[in-house]
Amino acid sequence: MPFKRSFCRLEEPSIGTGRSTHNPHITKFGDKYLLYYMGSTHPLPDVVPGDGFGLEDPRCIVARSNKRVGLAVSSSVFGPWERSDNPILPVRPNRFDSYLTSNPAPCLQEDGSVLLVYKASI
């Protein structure tokens, strides 16, 4: 087998990016691995079969408006991963990213900084 499957649990409904996570991007920075991801949460009940969940469902609307960028850090690409309970890229009122931040694409710079390109919405 040319790869080894590794599991990293990022979903934890009680944190700001923990009910739904996807779009992971792992990059090595110095001696650490950085896992950027998009996550969302909401305080509403989980979907159960037969709910008729759709784009007009309050869970979908609230979850979309709570999309944020998260970061987990590890010394090994196989984990364990440590992540913050808070998003690293919150929304900013009255700016282009006042509604959501999502889909992170980090670009490591020669000076050691990170340029983070991301999706946003007003």
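- Smallest separation of non-hydrogen atoms from Asp97 and Ala120: CB-CB, 3.4 Å.
- When all heavy atoms are compared, the tightest approach of His42 to Ala63 is CD2-CB, 3.7 Å.
- Between Trp81 and Leu35, some side-chain heavy-atom pair lies under the 4.5 Å cut-off.
- Every residue was checked against the side-chain hydrogen bond (donor to acceptor under 3.5 Å, both in side chains) condition with Asp31, not counting sequence neighbours, and none meets it.
- When Arg68, Lys119, Arg92 are each tested for a side-chain contact (heavy atoms from CB on, under 4.5 Å) with Thr101, only one passes: Arg68.
- The CG atom of Leu34 sits 6.5 Å away from atom OG1 of Thr27, with the distance rounded to the nearest 0.5 Å.
- The side-chain heavy atoms of Val77 and Ile26, taken from C-beta on, include a pair separated by under 4.5 Å.
- Not counting sequence neighbours, Arg64 has no partner by the side-chain hydrogen bond (donor to acceptor under 3.5 Å, both in side chains) test.
- Leu89 and Leu108 fall within a single hydrophobic cluster, where Ile, Leu, Val, Met, Phe, Trp and Tyr are joined by side-chain heavy atoms under 4.5 Å apart, directly or via other members.
- Panel note: side chain Asn23, backbone Met38; no donor-acceptor pair is recorded below 3.5 Å.
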Cut-off 3.5 Å, no hydrogens considered: what does the side-chain donor-acceptor table look like for residues 51-59, sequence neighbours left out?
from	atom 1	to	atom 2	distance (Å)
Asp51	OD2	Val48	N	3.0
Asp51	OD2	Arg59	NH1	2.9
Asp51	OD2	Arg59	NH2	3.4
Asp57	OD1	Arg59	N	2.7
Asp57	OD1	Arg59	NE	2.9
Asp57	OD2	Arg59	NH2	2.7
Arg59	NH1	Asp46	O	3.4

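- Around atom CG of Asp111, more than 12 heavy atoms belonging to other residues, nucleotides or ligands sit under 6.0 Å away.
- The shortest non-hydrogen separation linking Pro43 to Val62 is CD-CG1, 4.4 Å.
- At a threshold of 4.5 Å between side-chain heavy atoms, the hydrophobic network of Ile, Leu, Val, Met, Phe, Trp and Tyr places Phe96 and Val117 in two separate groups.
- Hydrophobic clustering places Tyr118 together with Ile88 (ILVMFWY residues linked when any side-chain heavy atoms are closer than 4.5 Å, directly or through intermediates).
- Across every non-hydrogen atom of Gly79 and Ser74, the tightest pair is CA-OG, 3.4 Å.
- Formation of a donor-acceptor pair under 3.5 Å by the Glu82 side chain with backbone atoms of Pro80 is not found in this model.
- Counted by atom type alone, Asn86 and Ser84 present zero donor-acceptor pairs between their side chains at under 3.5 Å.
- Rounding to the nearest 0.5 angstrom, the gap separating the OH atom in Tyr99 from the CD1 atom in Ile122 is 12.5 Å.
- In this structure, Val114 and Phe29 have side chains that are in contact, with non-hydrogen atoms separated by less than 4.5 Å.
- To the nearest 0.5 Å, atoms NZ (Lys28) and OH (Tyr33) are separated by 4.0 Å.
- Under a 3.5 Å cut-off, the side chain of Ser75 and the backbone N or O of Lys32 do not form any donor-acceptor pair.
- Proximity of Val69 to Tyr37: side-chain heavy atoms (C-beta onward) are nowhere separated by under 4.5 Å.
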